[in-house]
Structure formats: structure tokens, C-alpha cells
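Residue numbers begin at 1 in each chain, while the letters A, B, ... track the order of the sequences. Predicted model only: the values in this text are computed from it and were never measured.
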Amino acid sequence: MIQLIELTVNGERHDLAIEPRRTLVDVLRHDLGLTGTHVGCEHGICGACTVLVDGAPARACLLFAAQVEGAEIRTVESLAEPDGTLNDLQRCFSEHHGLQCGFCTPGMLMLAEGYLAEEPEATKEEIREVVASNLCRCTGYQTIVEAIDDCASRRRAAFQDQLDRSTA
Amino acid sequence: MKPAAFTYHRARTTAGAVGLLTELGDDAKVIAGGQSLVAMMNFRLARPEHLVDITHVEGLAGIRRDGDSLRLGALTTHRAVEKADLGDFAVLSRAMRWVGHLPIRTRGTVGGSIAHADAAAEWCLLAVLLDARIRAEGPSGVREIRAVDFFRGPFTTALQPDELIVEVVFPRPAPRAALTEYADRRGDFALVAAAVDLDADRVVLGGVAPTPVLVERAGTAEEIAGALELRDEPGISAHYRRGLVRTLVQRARKEASRG
Ligand SMILES: Cc1cc2nc3c(=O)[nH]c(=O)nc-3n(C[C@H](O)[C@H](O)[C@H](O)COP(=O)(O)OP(=O)(O)OC[C@H]3O[C@@H](n4cnc5c(N)ncnc54)[C@H](O)[C@@H]3O)c2cc1C
Ligand code: FES
Ligand code: FES
């Protein structure tokens with residue numbers, strides 16, 4: 001049976017006619033062509049499909065698209081500028097070699113993006129714990145933790161700078 | 001894999017959800033966070049013909065202090081509990097770090113965990129430990145089931161197919177309680193989990209039987225571990241599991257005594 005749903009992805013509204021059994025990750029990839037979000041295990045273990053649902057990291061393979069009608073979905077495609085300029089988190093991944101084959105990277109980026117927005121003061125240990133939710137077969141995680149930690153410190157410094165300036 | 005086809009129904013009220021469950025009968029299943037159900041559907045271990053989505057029901061999520069008791073709406077996520085400041089119920093928040101990983105906890109719900117009834121699930125252990133009441137709404141109204149009577153077997157509960165868990169009520173504060181566990185990989189379901197409440201002198205164990213095991217007037221960790229009937233299983237001997245029980249009970253007691 002086909003169902004009509006309205007999905008908001010990266011700020012854009014889409015009207016879709018899909019089967020209810022379509023998971024969010026399949027809708028993103030097959031119906032919307034947003035293939036930045038990867039898919040690995042389809043049972044919640046690998047985290048390759050991690051996206052943000054109303055700001056919170058979630059497994060897109062464990063959600064039916066019909067369930068998240070009305071929610072704000074964000075995928076890895078939302079991070080860079082329209083002209084392709086990488087955002088600060090992506091630049092940190094690049095600088096710290098937080099990726100090799102890149103298969104896990106979109107999921108890692110969205111996990112970190114959602115987590116840092118909620119916990120800007122996160123410690124390196126806390127970041128390590130959170131990153132354990134996604135599998136990476138290449139890097140050994142160290143460089144991913146460093147990339148996220150560095151991005152968090154830079155964001156904190158920038159925020160402090162802003163405060164200092166506004167009170168000066 | 002991909003799930004089998006089904007018809008999607010979105011409930012707006014608990015009465016609406018119960019109405020749908022009554023009408024659709026055995027072919028229907030409730031979906032909350034989907035963190036257990038969708039994985040099972042992707043594996044085709046579950047093939048419901050109808051899904052009743054309760055995530056859009058108003059008022060089913062939330063944490064409320066009510067005198068001595070703490071009331072958790074069925075749709076309250078693991079993450080919401082983890083982040084809440086629960087005072088003398090802090091054992092609940094602290095235990096959440098053991099439930100899967102962050103992206104699982106942002107979606108998975110208290111009601112879903114209890115209904116799913118994995119014998120190693122943290123919520124099932126905590127419910128038995130703290131004598132929680134599970135409030136279930138059915139066609140003839142709401143009834144309350146004590147957690148000890150709720151879990152009947154592996155993934156089997158006292159819930160009827162046309163009933164919905166609406167709330168889980170923890171009747172008394174537990175300032176000196178703790179849960180700890182061991183799994184080979186961080187975030188996996190526990191091989192063994194132990195939860196203790198020093199004031200009530202209760203211990204609950206997960207991963208040692210088809211349902212959480214309650215030990216009242218608990219003795220030493222050695223005695224508790226010694227009294228369990230355990231069998232050798234592929235990859236994990238009874239001896240090893242018994243050792244885990246002993247260590248984890250000790251560890252949980254130490255943590256609980258720190259408050
Ligand atoms: C990688 C991974 C690791 C995990 N690790 C753990 C872990 O360590 N510990 C742990 O406890 N859990 C773990 N989980 C499972 C997770 O906690 C789930 O959130 C939980 O088991 C089910 O909650 P849910 O809201 O997602 O329910 P769903 O998946 O939506 O539903 C589960 C079952 O409960 C029924 N149901 C749901 N809500 C209700 C209701 N209100 N009334 C009646 N029936 C209802 C459904 O019909 C279904 O049968 C893990 C999951 C994944 C994917
Ligand atoms: S594809 Fe979703 S967690 Fe692996
Ligand atoms: S970079 Fe290859 S899986 Fe992480």
C-alpha cells in the first residue's frame with residue numbers, strides 16, 4: 001500500500017508517495033537521492049546511517065519515514081556550505097585524519113554534530129564513549145576522537161571570544 | 001534486510017491506540033521508539049500486518065514526581081531519563097548509560113523496553129528492583145500490574161495484545177541503589193547485569209534466567225552467585241557467569257553505598 005507523507009529534510013519539504021515499510025535511510029537514499037547517509041547493518045549496530053531527528057542523533061535504519069513526519073531531519077549534506085566549503089567539524093576530521101575509507105564518516109559527523117550541540121562542554125572521555133556507538137573499521141577511533149575534541153575546543157574558544165568582545 | 005509490508009496507523013490518543021489494537025487483533029503491533037521492533041522487522045523475525053504508531057500521542061512522554069513516587073510516561077526516552085535530575089531516584093538516570101548507545105537512547109522508550117521484556121534489559125531489572133507498577137490501558141480501562149508479576153518468560157509479559165503501557169510508576173525513592181553490568185562490547189545487552197537496593201535489601205540479576213531474577217533478603221555476593229542454577233552455554237561457561245554475578249553484585253553494592 002502506498003502512503004503519502006511529507007518529510008522535512010535539511011530544511012526542505014518533500015511530498016512523497018511511499019510504502020510504509022520504507023525506512024528513513026531508504027527514503028533518504030532512494031527517494032531523495034541523498035546518498036551521503038550510508039547504510040550498513042540495518043539493525044542499529046553500525047551507526048553508518050546516523051542522522052539528526054529534531055537535533056538528536058538517531059539510527060535512520062530503525063525508523064520508518066512515516067514516523068518522523070513533522071520532524072526536522074538533518075543529514076550530512078547539510079553540513080557544508082552550498083558552494084562545497086566544509087564546515088568546522090568536517091575540516092577537523094580532515095586535519096586530524098579522522099577518516100580513511102570514509103564509509104563511517106557521515107554517521108560519525110552527524111553523531112558528533114548532534115552531540116556537541118547538546119553538550120558543548122563534552123570532555124574527551126565523554127566523546128570517546130559517544131563515538132563507541134558507531135563502527136569504524138579503518139581509523140582505530142583515536143583520530144576521530146581527536147577531531148571531535150578539537151572542534152569542540154575551537155567552538156568553545158570562539159564562543160568565549162564572542163563573549164569577551166560583547167562585554168569589552 | 002527489508003521489513004515485510006504492513007499498514008501504518010497513527011494513533012493520536014491512548015484510547016485511539018487501544019481501539020485500533022482491539023479492532024486489528026493479533027495482526028497488529030504497537031511501535032514506540034522502534035529500537036527493538038524495527039530491527040526485528042528488518043530481520044523478518046517480526047512481520048506484523050499492522051503497526052500502530054503511538055509516538056504522536058500527546059502526553060505519553062514525561063517524568064513527574066508525585067509525592068513519594070516517580071511516574072514515567074511510556075514514551076519517555078532513555079535519554080530524557082539520563083539527562084533528568086531525579087534526586088533520590090538518581091539510580092534511574094545513572095543506569096541509562098548502560099542502555100545501548102546515545103542514538104539508541106534518543107529514540108528508545110521506557111514503555112517499549114518493559115513491553116519488549118528482554119531479561120537483561122536495564123528497565124526490566126530496575127522495575128523489579130524498585131517494585132514498579134506498570135499501568136496498562138485496555139478496552140475496559142487502566143489496570144496496574146506489579147513488575148514482579150509482569151515478566152512471564154523470555155520476551156513474554158502479562159500484557160494483553162489489546163493493551164498499551166501508558167505509565168510506569170516507581171513507588172518509593174531509592175537513594176542507595178545502583179545498577180552495573182558487563183558485556184563484551186560497550187553498549188551491547190549485558191551478559192550479566194546486577195541491580196541492588198541496599199535499603200530494601202534486594203538484588204535483581206539480569207542475564208541469568210529467562211526473566212529478571214529477584215533475590216530478597218539477599219546474602220553475600222558469594223551466596224547469591226552460589227545459589228543460581230546456571231548452565232554452560234556456547235562461549236560462556238556457568239563458572240564464568242557465576243563469577244560475573246559475584247563481582248557485579250559486589251560492585252553494585254559498593255556504588256550504591258556511595259549514594
Ligand atoms: C544497537 C542496540 C543496542 C541496544 N542495547 C540495549 C541495552 O543494552 N539495553 C536495553 O535495555 N535495550 C537495548 N536496546 C533496545 C532499546 O533499549 C529499545 O529502546 C527497547 O528495547 C524498546 O523500546 P522502543 O521504544 O524502541 O520499543 P519498540 O521497538 O517500538 O517496541 C518494542 C516492543 O514493545 C512493544 N511496545 C512498545 N511500546 C509499547 C507500549 N507503550 N505498550 C505496549 N507495547 C509496547 C512493541 O509492540 C514491541 O513489541 C538496544 C537496541 C539497539 C538497536
Ligand atoms: S545501518 Fe543503521 S545502524 Fe547500521
Ligand atoms: S574510515 Fe573506514 S570505516 Fe571509518
Side-chain angles (χ1 to χ4, degrees), chain A residues 1-5 18-26 30 39-71 107-108 110-112 114-116 118-119 122 126-135 141, chain B residues 1-12 29-57 61 75 77-80 82-83 96-109 112 183 185-189:
Chain A
M1 203 181 72
I2 297 293
Q3 188 175 3
L4 297 176
I5 71 158
I18 55 163
E19 275 193 286
R21 65 165 154 169
R22 205 85 157 146
T23 55
L24 178 60
V25 73
D26 282 346
H30 299 293
V39 57
C41 66
E42 299 187 312
H43 59 276
I45 299 290
C46 74
C49 65
T50 308
V51 299
L52 300 186
V53 178
D54 288 330
R59 305 290 209 223
C61 69
L62 293 186
L63 274 170
F64 292 114
Q67 287 192 280
V68 287
E69 220 179 358
M108 290 286 186
M110 297 320 283
L111 177 69
Y115 180 63
L116 289 186
E118 198 181 286
E119 304 282 354
E126 287 164 343
I127 291 168
R128 191 181 303 281
E129 166 91 28
V130 165
V131 161
S133 85
N134 287 18
L135 296 183
Y141 295 90
Chain B
M1 270 175 29
K2 309 294 176 193
F6 59 84
T7 308
Y8 175 85
H9 308 264
R10 185 177 294 163
R12 294 288 178 184
K29 251 193 169 319
V30 170
I31 183 164
Q35 302 302 291
S36 295
L37 184 57
V38 180
M40 284 169 57
M41 289 175 69
N42 286 350
F43 273 128
R44 301 221 176 178
L45 290 172
R47 322 174 55 134
E49 278 175 38
H50 299 270
L51 274 194
V52 177
D53 184 1
I54 58 169
T55 55
H56 296 255
V57 173
L75 283 185
T77 61
H78 311 319
R79 182 66 175 159
E82 183 177 19
K83 298 209 72 179
M96 290 303 102
R97 57 186 284 263
W98 296 107
V99 184
H101 301 280
L102 172 69
I104 309 293
R105 298 199 287 269
T106 60
R107 302 295 309 177
T109 68
R185 264 188 325 196
R186 195 81 180 90
D188 281 5
F189 273 99

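Side-chain atoms of B:D53 never come within 3.5 Å of backbone atoms of B:R10 as a donor-acceptor pair (strictly under, hydrogens ignored). B:R105 contributes a side-chain N or O that, together with a main-chain N or O of B:V99, makes up a donor-acceptor pair within less than 3.5 Å. Counting only distance, with no hydrogens or angles, the side chain of A:E129 and the backbone of A:I127 share no donor-acceptor pair below 3.5 Å.
Contact tally against chain A (heavy-atom pairs below 4.5 Å) for B:L51, B:I31, B:T55: the top residue is B:I31. Contacts with chain B were tallied for A:I45, A:D26, A:N134, A:V130; A:D26 has the most, counting heavy-atom pairs under 4.5 Å. Heavy-atom pairs under 4.5 Å with chain B peak, among A:R22, A:H43, A:E19, at A:H43.
Residue B:L37: no heavy atom, backbone or side chain, is found under 4.5 Å from chain A. With a 4.5 Å cut-off on non-hydrogen atoms, A:E42 touches chain B through its backbone and its side chain both. B:M40 does not touch chain A: none of its heavy atoms, backbone or side chain, sits under 4.5 Å away.
Using a 4.5 Å heavy-atom threshold, the side chains of A:E126 and A:Y115 count as touching. In this structure, B:L102 and A:P57 have side chains that are in contact, with non-hydrogen atoms separated by less than 4.5 Å.
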Inset, instruction - May I have the step-by-step check of side chain to side chain contact (heavy atoms under 4.5 Å, CB included) for A:M108 and A:T50, ending in yes or no? - result: CA-CA 7 Å; A:M108 290 286 186; A:T50 308; over 6 Å; no
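For B:D188, the salt bridge (charged side-chain N to carboxylate O under 4.0 Å, His left out) test picks out B:R185, with sequence neighbours left out. Taking the salt bridge (charged side-chain N to carboxylate O under 4.0 Å, His left out) definition, one finds that A:E119 meets it with B:R79, B:K83, sequence neighbours left out.
Residue pairs that meet the side chain to side chain donor-acceptor pair (under 3.5 Å) test with at least one member in residues 36-47 of chain B, sequence neighbours left out, do not exist here.
Within residues 58-67 of chain A, the residues having any heavy atom closer than 4.5 Å to a heavy atom of chain B are A:A58, A:R59, A:C61, A:L62, A:L63, A:F64, A:A66, A:Q67, listed by residue number.
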